[in-house]
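Here's the structure we're looking at; comments come further down.
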There are 2 protein chains.
Amino acid sequence: MTDASPEAHLGPSAYIVLGLLGQYGPGTSYDLKNWADASVGNFWTFPRSQLYAEPQRLAQLGLLEERQEEGGRRKRTYQVTDAGRAALQAWLAEPAGFPELRDLGLLKLFFAEQGSAERVRQLAAEQLGLHRARLKEYERQADCWPTTLPAEQPLRMGLLYERASLAFWGVLAEPEA
Amino acid sequence: MTDASPEAHLGPSAYIVLGLLGQYGPGTSYDLKNWADASVGNFWTFPRSQLYAEPQRLAQLGLLEERQEEGGRRKRTYQVTDAGRAALQAWLAEPAGFPELRDLGLLKLFFAEQGSAERVRQLAAEQLGLHRARLKEYERQADCWPTTLPAEQPLRMGLLYERASLAFWGVLAEPEA
DNA sequence: TACGGCATGTAATCGGTTACATGATTTA
DNA sequence: TAAATCATGTAACCGATTACATGCCGTA
């Protein structure tokens, strides 16, 4: 609660922390990691260590309340404050802008002419494998859940994206006529 | 050519610079910007300033040769060296790994239950607009080119992705039954 | 010749990533 | 009680983003 400036510019990972704590209740950094792995981690990756550093920043800003255990591991439990909830809602209300794809496979494909001739086929085979595995995983998850709540929609997008990727790399993997 | 260590770990933007210079010949940072805007920038964004800083790093490593103009603006022209070509090819040969989606829209959708009730519909409408515009742009580009060279394939993926996104947000934009 | 925009950079900051380090808890 | 794994964090580096600063050129 050092700083009360309501206009600090937070990055996406800050809002992931706020959002997860808001959605699943108070928890430790390790809880955050588990929640993220199971949900938002599918379409937004970051290293665990962010989930230790970010909550401390947010606590400084008064958006989280930190309670440190006395005995044992002195573990830190975080909880969203009213200011934190307000910050999350303000962020939710802003336009989201355009998504970014960040696909090293496409990047390498783009420059493939400067590499070996076989590379395109190899790359396509590799990507096909990855996408097939990911799609299977998504389908498994989709079987368990109704996919009707907003929080479950990203999984639907994941399915669409994986199928599109499979179609895309599929034609590149075939020996051409 | 200060450092000759062949094992420096370069980031993706380094290879974008190497790749663009390899593909379109020697050029300045500004040339790089224009090339990137027209091609790889569609699916991998970064600020212009990277295109000034990165080539200097690469020149230090001996992967680019820098020639600075004497008179006028003392502008810097870069050219890939043999070492640079080798580095690019080594990178191309490595597996690409899994792509990342980085979609703030999906993120906000995931947390939408904590915001206002109208937000999902609004968000969907916003995203639909963005994706429609992007799709139209891709289609325009696809009309001009054959889409058969490797370097033109990412555009095909772009088309697939945009159509999937339209389908996804489309069902969320409709007033539910 | 004044102005606006195109072209070219630099500096400082900050978030993200990697690597390291170690305390608890469980299980054999 | 030893080993393995789970859980928890710290430190330092580095790339990326933002903001700033300014020179050149075409045109009115």
Side-chain angles (χ1 to χ4, degrees), chain A residues 3 5 7-18 21 26-38 40-41 44-61 63-64 66-78 91 97-98 100 102 104 107, chain B residues 3 5 7-18 21 26-38 40-41 44-61 63-64 66-78 91 97-98 100 102 104 107:
Chain A
D3 188 338
S5 100
E7 298 310 326
H9 293 318
L10 304 174
S13 35
Y15 293 105
I16 290 177
V17 169
L18 286 173
L21 287 171
T28 68
S29 289
Y30 193 68
D31 294 329
L32 283 168
K33 172 200 178 297
N34 287 325
W35 295 332
D37 284 349
V40 79
W44 199 289
T45 71
F46 45 82
R48 289 173 287 88
S49 72
Q50 278 291 109
L51 296 177
Y52 289 89
E54 199 67 59
Q56 295 189 32
R57 263 199 292 273
L58 294 174
Q60 291 288 319
L61 295 170
L63 305 180
L64 293 183
E66 178 184 330
R67 226 181 34 242
Q68 191 162 188
E69 187 180 71
E70 277 308 308
R73 204 177 299 204
R74 307 193 48 75
K75 115 170 84 161
R76 289 162 180 177
T77 303
Y78 299 99
W91 175 75
F98 206 85
E100 199 171 332
R102 301 233 143 215
L104 280 183
L107 212 48
Chain B
D3 188 338
S5 101
E7 298 311 325
H9 293 319
L10 303 174
S13 35
Y15 294 105
I16 290 177
V17 169
L18 287 173
L21 287 171
T28 68
S29 289
Y30 192 69
D31 293 330
L32 283 169
K33 172 200 177 298
N34 288 324
W35 295 332
D37 283 350
V40 80
W44 198 288
T45 71
F46 44 83
R48 289 172 287 87
S49 71
Q50 278 291 109
L51 296 177
Y52 289 88
E54 199 67 60
Q56 294 189 34
R57 263 200 292 275
L58 294 174
Q60 290 290 318
L61 294 171
L63 304 181
L64 293 183
E66 177 184 330
R67 227 181 32 244
Q68 190 163 189
E69 189 180 68
E70 278 306 309
R73 205 175 301 203
R74 307 193 48 75
K75 119 170 83 161
R76 289 164 181 174
T77 303
Y78 299 98
W91 174 74
F98 205 85
E100 197 172 335
R102 301 237 141 212
L104 279 184
L107 212 49

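We name chains A, B, ... by the order of the sequence lines, and we start the count at 1 in each one.
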Under-4.0 Å salt bridge between A/R102 and B/E100: no
Using salt bridge (charged side-chain N to carboxylate O under 4.0 Å, His left out) as the criterion, list what pairs up with A/R67, not counting sequence neighbours. none
Length of the NZ-P vector between A/K33 and D/dG9, whole Å: 14 Å
Please step through side-chain contact (heavy atoms from CB on, under 4.5 Å) for the pair B/L10 and B/W91, ending with a clear verdict. CA-CA 9 Å; B/L10 303 174; B/W91 174 74; over 6 Å; no
Determine whether B/W44 and A/L104 make a side-chain contact, defined as any pair of heavy atoms from C-beta on separated by less than 4.5 Å. yes
Using heavy atoms to find the nearest nucleotide of DNA chain C for B/R102 and B/S29 separately, return the residue whose nucleotide is more 5′. B/S29
Specify the separation, in whole Å, of atom CG of A/N34 and atom C1' of D/dC6. 10 Å
In whole Å, what is the span from the CZ atom of A/R57 to the P atom of C/dC14? 10 Å
Would a distance-only check, ignoring hydrogens and angles, find a side-chain to backbone donor-acceptor pair under 3.5 Å from B/D37 to B/N34? no
Separation of B/Q60 atom CD from D/dC14 atom P, in whole Å? 14 Å
Test salt bridge (charged side-chain N to carboxylate O under 4.0 Å, His left out) applied to A/R57 - qualifying residues, sequence neighbours left out: A/E54
Which of residues 45-54 of chain A sit near DNA chain C, with a heavy atom under 4.0 Å from it? A/F46, A/P47, A/S49, A/Q50, A/E54
In whole Å, I'd like the distance from the CZ atom of B/R76 to the C1' atom of D/dG23. 15 Å
B/L10 CG - D/dC13 P separation (whole Å): 19 Å
Roughly, in whole Å, what's the span from CD in A/E66 to P in D/dT8? 13 Å
Respond yes when some side-chain nitrogen or oxygen of A/Q56 is under 4.0 Å from OP1 or OP2 of D/dT10, and no when none is. yes
Do any side-chain nitrogens or oxygens of A/S13 fall under 4.0 Å of OP1 or OP2 in C/dG15? no
